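Note sheet for the following structure.
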Amino acid sequence: MAGNSGPEFDHIFKLLLIGDSGVGKSSLLLRFTSDTFDDLSPTIGVDFKLKLVTLSGRRLKLTIWDTAGQERFRTLTSSYYRGAQGVILVYDVTRRDTFTDLSEVWLKEVELYSTNPDCIKMLVGNKVDKDAERVVSKQEGIAFARQYGCLFLECSAKTRANVQLCFEELVQKILDTPSLLADTKGVKKNLLRPEEPYNPQAAPGAGNCTC
Amino acid sequence: MGGGGGGGDNETYASMEEANAVDYSAPSRQQDSSYSVASTSAVQVEEELYKKERMTLLQENSVDSTRATDAQSSGVLDDYEVVYVKDNVSVHPTQNALGRISGRLRLIKQGPSLFMTWIPYSHGGLSRQGSNVVVKGGLRNRMGSRAAERDRNLYTIRAVSLSEMRSIRRHTPPFGWQYIIIVLTSGLAFPPLYFHNGGVKEFLATIRNHALLVRSAEDANVYLVNDIQDPLQRSLTSLELTEQPAQPASAPSQEAPWPVILKQEVPAAAENDVKREGSLKQDSRADSLRKRDHARDLSMNVLEKFSLVTKFARETTAQIFGESRMYLDGLDMDRGPAPRPPSDAEVLISGKEAQASFNKGEDSSSGLKSADEEVVDDNLSADDEGDDQAATNVGTFELVDGTQDDSPSLVWGRARPPPLGSEEWRSFLDSEGRVMDPKALRKRIFHGGIEPEVRHVVWKFLLGYFQFDSTYAEREYLIAKKKEEYEVLKAQWQTVSPEQAKRFAKYRERKHRVEKDVVRTDRTLPYYAGEGDDNANISVLRDILVTYSFYNFDLGYCQGMSDLLSPILYVVDNESEAFWCFAALMEHLAPNFHRDQNGMHSQLLALSKLVQLLDRPLHDYFKQVDCLNYFFCFRWILIQFKREFDYENVLKLWEVLWTNYLSEHFHLYMCVALLKRHRRRIMDEQMEFDTLLKFINELSGHINLESTLRDAEALCLHAGERGAGCIPPGTPPSIPDEEAGGWSD
């Protein structure tokens, strides 16, 4: 498929997008991976995208899981928390319920199902382009992030504002957390794309780097 | 990297054209569209070669000196290359040595494509040219050579693309010549090609240089071309061998079911000895009773039995084949005591029947019985080819192997019949509009689908909105009554005042959720195109879904419902009727959306059991990688593959599923078929939970519907009662507490 530059990467990370239906999870992901914006069909079950990025001189392969928002699919989506290094909690700044659901529903899910105790959480308020309709203030977002120990950004998948930054901040934080790097050197062969043979020399010693 | 491209644009499936899509599932798929184009040019090449060859022949004046060299043959045109030539490759329509047709086998490379041609030598004159060239030193009398000429035309393989080939089987009889049988992905097969001067190995080696050729794990003599479709058959075959308890005594086979069909190009040469069909039959019977002087290859026998070409070519007029129609005679006319020959009517009917008679064991064998019996009776040639016995499927001029579990192999060899058209639909109705034979109707639709122009009517029956035994008048009344009822339901929420809505969170939430989803449902389809809610049909979608969430308040609205409704509204194109059709569908699928997800879990569990039954190694693999929850099939099941196919194919699939013909859970067999089709990749690449889900999601838009339906049908038939036993009662879309399968009758 996509002819990319090669098999080498230093780390492979699993990121998860969660949050209420319609807050723009898939749109954020599409903006991040292909820099486009489109009217997307509601996600059924779970979707998946890949992106290679270079950050702080390290080549990273991001596997990003995009889950259906409706709570009725929760028994399904819960199984996808396994092994994630980062979770992006998305809400819609124009819909308060999507914000309150994060603490009432989604954070509990993370605590319940995440297998990485140090898993990085990132709070993202989407749709800041609709400023006139905004009902959740930035301060509220910051307060939430403080309370629950999350990174925080406001963004717009539509205007692309801050989208790149969301992922970068999250990934940087993961890179800065040694305990999360333990299993990310591509030894999980199944996360490699078929056409990319596992290359054990790809990241010599990167996992030990605690800088 | 193209993250987006690699990510599979599942959301834009509706705009995806199959022709552009890479079809992982079936390389043969493209043959429908591209074959004609590709082969046209190849045919032109062949025409050139044909002319060239004819010249050579005329110059050399002898059959045996047609050793046109490669150099001579190639380079006639610039844009192709002959990469393999073998002379004296023959078809043996009869065991009579005089009846053999020798010719030249070629592999022609044209661009990235490889084509095979087999052109018989012309030594009797080129009837299609209208000329009659008498060859000096010819062995035959005039009549004989004329008949032989017809055979030659019938057997000519002008250009078959490698992409059309499924497999090549090499036969090395203890005595006699090596020969090959080529089976096409369509299930058709060419008659055996005998290599009088050797060269089979070289032939295979040449193909291997240009295409993927894999030796079958089951049979070292079988080479799988392109080898994508194989895993299903292979695993099914191994399954049959290990788990099929009792095989007919006549089944010595250890190989995959072989659909064996003769596909011939039939030129309409003008001949003066025109005969009527009936007399032809007699003649051919008389002919068939002629004594044979030596034991011959059983597979050859069988091929002959069913290929009218072999039998009739010598007797029949080219006119009978003029329209490329083929008749197949299911009887062994070479060997006495010949079973009763079918009348022409029977021949035509039996084709229909054979296609439709797989559902029960008792008739699954009917079409094959004669073949089996013949084989049992056969004591002539007990060499290693005893497995090529076959049965007929006359309607589509197919000849299918009856070796093992017959039905699935029949399914594989069969092309889908055309969809149910309006005229045929009317023939299912009595004068007052009742469907006289609902089961026959469902069977018909299961196999062929429905033409778009009658789809909107027939769907209402399939979904259960109309009763099969209702009259025109009753349905008219029903429509009116249900419209009123719908308006009442709709008014329930439309009359909620803004003040009331303020204090009605559930209502607001539902409406909001529906509104959010309908504006992102199938917008690439012209019917729903537009921005926001500026399309009236989007508003109808919304109204129906909100109304439904009031009609079924406990269930409410859930994502995926808009996917299920969209095609129904598109087809039915009437708000109230679409609502009731949707509501009828939800009677079956509501458990998919239950809060506890029990409906989904029971289907995924049933799927797991089916895979365990039908593909044990794959099951074991999933177990090993901890994937037995089958969550990766969640979307397939939740919305009946709505996101996996383009819109038109979704319609085609759904009407098949809704017939409940072979199984109420045919969609689960679809899942098994798809997994089996990709099993090799899944296991070779050691896909686990993550990669597996990604892989499955990205199959969207790349699945070949028809071949998957065929595979699923074969699997369903094969699984039979054991398959049904994997699916607990009440598993959606079954309605619990109702007579199984009775909902639509």
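Residue numbering restarts at 1 for every chain, and letters A, B, ... go by the order of the sequence lines. Only a predicted model underlies this, so the values are computations on that prediction, with no experimental measurement involved.
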Tell me, side chain or backbone of Leu604(B) under 4.5 Å from chain A's heavy atoms, or both, or neither?
neither
So, the part of Phe634(B) with a heavy atom under 4.5 Å from chain A: the answer is side chain
Set of ring-ring contact (aromatic ring centres under 6.0 Å, His included) partners for Phe641(B), sequence neighbours left out:
Trp636(B)
Most contacts with chain A, counted as non-hydrogen pairs under 4.5 angstrom, among His601(B), Glu531(B), His512(B):
His512(B)
Hey, what do you get for CD1 (Ile44(A)) to CG (Asp563(B)), rounding to the nearest 0.5 Å?
5.0 Å
Closest heavy-atom pair, Ser21(A) versus Arg520(B), reported as atoms and distance to 0.1 Å, is OG-NH2, 3.7 Å
Report which part of His594(B) has an atom under 4.5 Å of a heavy atom belonging to chain A: side chain, backbone, both, or neither.
backbone
Distance (rounded to the nearest 0.5 Å) between Tyr80(A) OH and Phe631(B) CZ
7.0 Å
More than 12 foreign heavy atoms under 6.0 Å from CZ of Phe152(A): is that the case here?
yes
With side chains defined as the heavy atoms from C-beta onward, is the minimum distance between Asp690(B) and Thr63(A) less than 4.5 Å?
no
Which heavy atom of Val46(A) sits nearest to which heavy atom of Asn697(B), and what is that distance?
O-ND2, 2.7 Å
For Gly69(A) against Gln559(B), the heavy-atom pair lying closest together
N-OE1, 4.2 Å
Could you state the interatomic distance from CE (Met600(B)) to CZ (Phe73(A)), rounded to the nearest 0.5 Å?
8.0 Å
Checking Arg595(B) against chain A: side chain, backbone, both or neither under 4.5 Å from a heavy atom?
both
Please tell me if the side chains of Arg72(A) and Leu555(B) come closer than 4.5 Å, counting only heavy atoms from C-beta onward.
yes
NZ/Lys516(B) to CG/Asp20(A) distance, rounded to the nearest 0.5 angstrom?
11.0 Å
Rounded to the nearest 0.5 Å, what separation is found between the CZ atom of Phe48(A) and the OG1 atom of Thr691(B)?
8.0 Å
Shortest non-hydrogen contact between Gln70(A) and Tyr557(B), atoms and distance:
NE2-O, 3.0 Å
Quick one: are Lys694(B) and Leu50(A) in side-chain contact, heavy atoms under 4.5 Å?
yes
Please list, in residue-number order, every residue in residues 81-101 of chain A that has a heavy atom less than 4.5 Å from any heavy atom of chain B; write 'none' if there are none.
Arg82(A), Arg95(A)
